[in-house]
Amino acid sequence: MSHQQTVAVNGHNGHSARPKVLIPEKVSPDGLALLNESLEVHERQGLSADELHEIIGGYDALIVRSETKCTASLLAAGKKLRVVARAGVGVDNVDLDAATKLGIIVVNSPQGNINAAAEHTIALLMAVARNVGAASLSLKGGKWERSKLVGIEVKGKTLGILGLGKVGLTVARAAGGLGMKLSAFDPYANPALAAAANVEIVPTMDELFEQADFLTIHTPMIASTKGLIGSAELSKMKPTARVLNVARGGIVDESALLEALEAGTIAGAGIDVFTSEPPKPGDTASKLIQHPKVVATPHLGASTMEAQENVSIDVCEQVLSILSGQLPRSAVNAPIILPEEYRTLRPFVTLLEKMGSLYTQHFSPSNTASQLRTTFDLTYEGSLASANTTKPLFAAFVKGLLSPISSPDSLNINIVNAELVAKERGLLVNESRSRDRVEQEGYSASVTLRARLDPRSSSASRTRRTEISTANPASAGERRKKIEEQVITGFVSHNTPYISRLGRFTTSFVPEGTMLICRNYDEPGKIGVVGAKLGKAGVNIRSMTVAPIETGGEEVGVTAGDGGAGEGGAEGAKQREALMILGLDRAVDDVVRKSLIGEEGMLEVSVVVL
Ligand SMILES: NC(=O)c1ccc[n+]([C@@H]2O[C@H](COP(=O)([O-])OP(=O)(O)OC[C@H]3O[C@@H](n4cnc5c(N)ncnc54)[C@H](O)[C@@H]3O)[C@@H](O)[C@H]2O)c1
Ligand SMILES: O=C(O)[C@H](O)COP(=O)(O)O
């Protein structure tokens, strides 16, 4: 939006009642200057939590960095609050659920400090390679220890990049300029961008660990990346390798890294982020910081003049947009649908988001690169075919596809940016409409997703969440066969989304909460086996649907069970199959899931959270 955007509202006395914005932290003045024209700007650093609580009720907008804790109670006290803007990326200091419930839009600046974080990574890379920290300390201590401080060159060495997103790619481009060889592991990287940056995408994390002379971490901090690099992973690396973390504390297990440094199985580390910031004296992070082979900085990745200017301008423009009734460009929690389309499309928005998430968790491999080569065809059937716009449905689907593999603070998908995000992530989503009568009697509209995998990717496909039983030769032997199409159909009844087809199976279940999806031979006793295992693990079954295999009909090119693991199933097998879908009251750990796979006649088991 233009900086001249008017947000002033006339009060009843005819005077301009300008909306008020509170800034309790140091935010660069470049953005704040944009606000002064139309808002009343109050910079109040050093407020206690109680003081903030007392005055927040008078403000329409709040701009923070990482220090202000935007708790549910603070947000609730902000009776007029319409927007919380985070001048940076991470929104872990903002209670997003509370903000969403209160209708407060939370925005951030997902691009503004990328370059700063990447440059800081390069700074740590060089500092670790040339012992810059230790040398500086030694010299300041009055010593002259040239022979003790001999380093290594990075030219010709391999940089292993874990997470080839915005920061990872920027690091790659810079490291390429230093003459480094570049390898990356990222199941969802854009192959075209990787190739353009001369990055070789390796198919497994282990290959990355084995190759890397320097390993640099650039994944989000989400459940699946917490402790991603532990003792087992570090032991796969060369003893001469160095580890860099400018992403988030906790992705690398601090105790494991400390042990590896002490044992000499890892040669050094450059660390900007810690599990607890600031680290407490005596804790593992503090010991790491003190370690002679570590160069450490106090979360300085984004701390450059330029980045602070960028994020300040970015979020201040968004505050102006929101206060003048427009959509922000980087909303973390904003509804992804415009008000006028809300009523008609809202239940289908929920359905599409669930279908996307179900696809990623059930069908899509998460430790290989095959989602890159998937084409998604969405068909809106029945009355949905006449919708004025399907943009909110498209955005919800893309959001659903990506949410299981992204941190909430980096997933800013709305109808404004969904196409761009899909393009950036290499997702090809086609939409079409069909006025044909929908399959579910009594319902006027449904949506079918057909995901077509490029045959090149199918041989290596294996999802972490779906396991294939090796106890069933009929299915294991078919793994090499390719899956050309995976299908999910859904519909809405009384505002509730239902899945009516999953792979080859006709079914009807509400996609909600933790669900266990088992494909098995249709034989007596299977339900009992699953129930007993779950019961032993203390997991209650809330709901259960059993779907017999869909026979005949329109199945095109599907050669594997329901295709859950992206691998071959029982083509040509005479035995009937069934799909069992259980709603659970809590998560199922890997031990239970794997033990189910070992059961006779059990072909695939996946756990999805919807
Ligand atoms: N130190 C700082 O001050 C600072 C500044 C900016 C960003 N960051 C952090 O840097 C990290 C990267 O930020 P970004 O903007 O590049 O995020 P991004 O979302 O653009 O990229 C993250 C990438 O990680 C990939 N990924 C997810 N799970 C993975 C896994 N298990 N294995 C391999 N790859 C996986 C995703 O596919 C994605 O491509 C984030 O943790 C962010 O919070 C830190
Ligand atoms: O999340 C971020 O943007 C970075 O980690 C930087 O945070 P900061 O604004 O606290 O420096």
Side-chain angles (χ1 to χ4, degrees), residues 25-28 63-68 85-94 108-121 123-124 160-172 184-191 193-194 199 201-202 204-205 208-209 215-229 233 244-252 270-274 277 297-304 307-308 310-312 314-315 330 332 360 366-369 371-372 401-413 421 424-427 464:
E25 287 186 65
K26 180 74 195 139
V27 172
S28 164
I63 301 180
V64 299
R65 284 184 63 186
S66 54
E67 280 176 28
T68 307
R86 159 69 166 110
V89 180
V91 287
D92 26 314
N93 54 325
V94 182
N108 71 348
S109 178
Q111 300 281 351
N113 58 29
I114 299 307
N115 191 62
E119 285 191 10
H120 196 69
T121 308
L124 289 184
I161 304 165
L162 188 64
L164 198 66
K166 296 184 290 292
V167 179
L169 258 175
T170 312
V171 168
F185 175 77
D186 184 335
Y188 302 96
N190 182 326
L193 289 178
V199 181
I201 298 189
V202 295
T204 65
M205 261 200 292
L208 194 75
F209 299 142
L215 177 75
T216 186
I217 322 279
H218 300 291
T219 65
M221 174 59 159
I222 47 179
S224 59
T225 60
K226 192 165 182 229
L228 190 61
I229 313 291
E233 290 70 26
L244 308 169
N245 187 4
V246 182
R248 278 290 182 266
I251 300 173
V252 180
I271 314 171
D272 184 48
V273 283
F274 303 91
E277 293 180 1
T297 48
H299 200 147
L300 290 183
S303 293
T304 62
Q308 287 311 308
N310 291 341
V311 296
S312 171
D314 189 354
V315 296
S330 303
V332 176
T360 296
S366 63
N367 64 350
T368 74
Q371 186 171 0
L372 316 169
L401 274 183
L402 295 176
S403 58
I405 49 125
S406 312
S407 61
D409 48 348
S410 74
L411 199 68
N412 309 306
I413 299 175
V421 173
E424 276 176 3
R425 300 283 191 132
L427 300 172
R464 194 185 293 157

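FYI, side chains are in, hydrogens and waters are out, and symmetry mates aren't considered; it's all heavy atoms of this structure. Residue numbers start at 1 and run along the sequence shown. Remember, it's 1-based here, ligands and their atoms both numbered in the order they're listed.
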Give yes if a backbone or side-chain nitrogen or oxygen of S303 is under 3.5 Å from a nitrogen or oxygen of ligand 2, and no if not. no
Any idea which part of H299 is under 4.0 Å from ligand 1, heavy-atom wise: side chain, backbone, both or neither? side chain
Sorted by chain and residue number, the side chain to side chain contact (heavy atoms under 4.5 Å, CB included) partners of E119 (sequence neighbours excluded) come out as N115
Minimum distance, heavy atoms only, to atom 7 (C) of ligand 1: which one of V167, V91, I161, N245 is it? V167
Atoms in ligand 2 flagged as close to G88, the criterion being non-hydrogen separation under 4.0 Å: 3 (O)
Quick check: G90 and ligand 2, any N/O pair under 3.5 Å apart? yes
Below 4.0 Å, non-hydrogen atoms only: which portion of L300 touches ligand 1? Side chain, backbone, both or neither. neither
Please check if any side-chain donor atom of N93 sits under 3.5 Å from a side-chain acceptor atom of S66, or the reverse. no
Measure from atom 42 (C) of ligand 1 to every heavy atom in G163, S66, A247, A117 and give the option owning the shortest one. A247
Report the member of V89, T219, L164 with the shortest heavy-atom distance to atom 11 (C) of ligand 1. T219
Short question: side chain of D314, backbone of S109 - any donor-acceptor pair under 3.5 Å? no
Do any N/O atoms on Q308 end up under 3.5 angstrom from N/O atoms on ligand 2? no
With sequence neighbours left out, the residues meeting side-chain hydrogen bond (donor to acceptor under 3.5 Å, both in side chains) with N245 are none
